[in-house]
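Below, chain A is the first sequence line, B the second, and so on; all start at residue 1.
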Protein chains: 2
Amino acid sequence: MVARMHRCPLTGTRSPEGRTGPRGRTGRPRSAEADRAILGATRAALVELGWGKLTMSDVAARAGVAKTTLYRRWANKNELVLDAVAVLFDELELPDRGCLQADIEGVVLQFASLLARPETKTALMAVVAESTTDEALRLRIRSAVVERQKRLVILGRERAQARGELPPDPSGEEGAAAAGRAVGLIFDVIAGAVVHRALVSAEPVDELWAQQFSTLLLAGLSGLAGPDAPAAEPGPPGA
Amino acid sequence: MVARMHRCPLTGTRSPEGRTGPRGRTGRPRSAEADRAILGATRAALVELGWGKLTMSDVAARAGVAKTTLYRRWANKNELVLDAVAVLFDELELPDRGCLQADIEGVVLQFASLLARPETKTALMAVVAESTTDEALRLRIRSAVVERQKRLVILGRERAQARGELPPDPSGEEGAAAAGRAVGLIFDVIAGAVVHRALVSAEPVDELWAQQFSTLLLAGLSGLAGPDAPAAEPGPPGA
DNA sequence: CAGTTACGCTACGGGTCGTAGCGAAAGGGT
DNA sequence: ACCCTTTCGCTACGACCCGTAGCGTAACTG
């Protein structure tokens, strides 16, 4: 009970004395390569086995590492898998496609192709499911995925406001709060719709769907079926 | 290998010779009460333990039933849990609140309160996660949850069209296909947004959020921050 | 050099899974 | 009534996984 491990609530990796960095640490350092090998092995195991059949022993064997080494860094399967998958979300970008609708379609398609990968598919939902009975895991998802990816919404809004496609945020404290709520709302709508389409409905998120979705998001339900044309022209939206 | 069990792909319950109903069956009939007890015990176990720690032995003990009885009816944990939870979704209704926006807010709040229950929370996501590597389970989710609940969207659209709030569906084969796509799209947007807000972002789906969401859905992004007033009046939407 | 920490390895207790085998109970068909 | 079929409860079982303890060794610090 003396030199016991502590879990860092931010990074989630276990570290002696609750410290994270290599600062002031004595003794043999952790192998950074082992970290990479373990996370890579975890993703590979997710692809082949899926969340349900993934085992810690299997991951250890794939990574060429002792099982005890896994438990020195992650408290359980949930946290390991979350770390293995969360980094993939940082690949998402928001290239400037010229107009808000095209930007939305672009990020939708990017997110969809990320969700099409079997490792993210199976892991993301499982981790969220576990997070409903694991407060620490919930906080970790929030900081490792949710809050990080809101950057895409914020950036998209700023661009659209600069283009004059959206009104500027109202000033003042109340205005800032409203803007924050709007960002959260839009994030939930976009990410939620894509996830639901891809994983629950289990139907493809292709260009046609992205176009219809972005049309709905921009114009609302009343404008969805208004002009006949816009959803019927399956041309590339970037042009 | 002769009198082997078959899984019925529709109901998912195992039954001898692949038959479902009591038609032409001989021998001792299945105990309907055992079914009810098992599904109830499953929900209770989900509430107390969550998906991850739920065990078949525990469910059997709670239901006052032998473990073997469980395996005679469900092939595994996934299918049992899905059946136990799917029926809860049939409680959803769409009371006529007079206008489309109020109808949307109503169904959002209902869906949110369903997702607030610990048994649905933890089970729904877990089952979806498993379905990414289990084709049979995926089909079962589709028929037991997704397709069934689209009725709410269809009904809501019909009402709104009758009120003149939405344009009528275009006629012809192409028009019907477009209407079908629209229903799927709207379903994914509404259900996805609520699920994402409640489980991933893990923030409350309250009346304020429902109001902002329905406003966004109706008017689109451009109209979200247009008139200052509508999101600032936290009055009950039913009045 | 000593001190400290990470690592690989083995072994283990505790738990779950899903099945097999048994005798008894509950129905249907004739 | 009688046989046939199927379900039920029970026990037992092998296989597997979890997460940890203990040990000797490797790596890095001052």
[Y] side chain reached by [X] side chain, heavy atoms, under 4.5 Å:
X	Y	value
B:Glu79	B:Asn76	yes
A:Val47	A:Arg117	no
A:Asp83	A:Thr42	no
B:Asp90	B:Gln149	yes

Less than 4.0 angstrom between a side-chain N/O of B:Thr69 and OP1 or OP2 of D:dG9, yes or no? yes
Distance below 4.0 Å between A:Arg72 side-chain N/O and C:dA6 OP1 or OP2: no
Assert: residue with more 5' nearest nucleotide on DNA chain D, out of A:Thr68 and A:Thr55, is A:Thr55
Between A:Asp58 and A:Arg28, which has a closest nucleotide on DNA chain D that is more 5'? A:Asp58
Over how many whole Å does the gap from [X] atom [atom1] to [N] atom [atom2] extend?
X	N	atom1	atom2	result
B:Glu33	D:dT7	CD	P	18 Å
B:Leu80	C:dC17	CG	P	11 Å
B:Met56	D:dA15	CE	P	21 Å
A:Arg62	C:dG8	CZ	P	18 Å
B:Arg73	C:dG18	CZ	P	17 Å
A:Trp74	D:dT20	CH2	P	15 Å

Of A:Pro29 and B:Gly27, the one whose closest nucleotide on DNA chain C sits nearer the 5' end is A:Pro29
Pairwise 5' ranking along DNA chain C for A:Ala34 and B:Lys53, keeping only the more 5' one: A:Ala34
When you measure from the side chain of [X], which nucleotide among [options] comes out closest?
X	options	result
B:Lys77	D:dC18, C:dC17, D:dG9	C:dC17
B:Tyr71	C:dG3, C:dG18, D:dC18	C:dG18
A:Arg30	D:dC10, C:dC7, C:dC17	C:dC7

Sugar-phosphate, base or nothing in reach of A:Ser31, heavy atoms under 4.0 Å: sugar-phosphate
CG/B:Asn78 to CZ/B:Arg138 distance, rounded to the nearest 0.5 angstrom? 14.5 Å
At less than 3.5 Å, do the side-chain atoms of A:Lys67 and the base atoms of D:dG19 form a donor-acceptor pair? yes
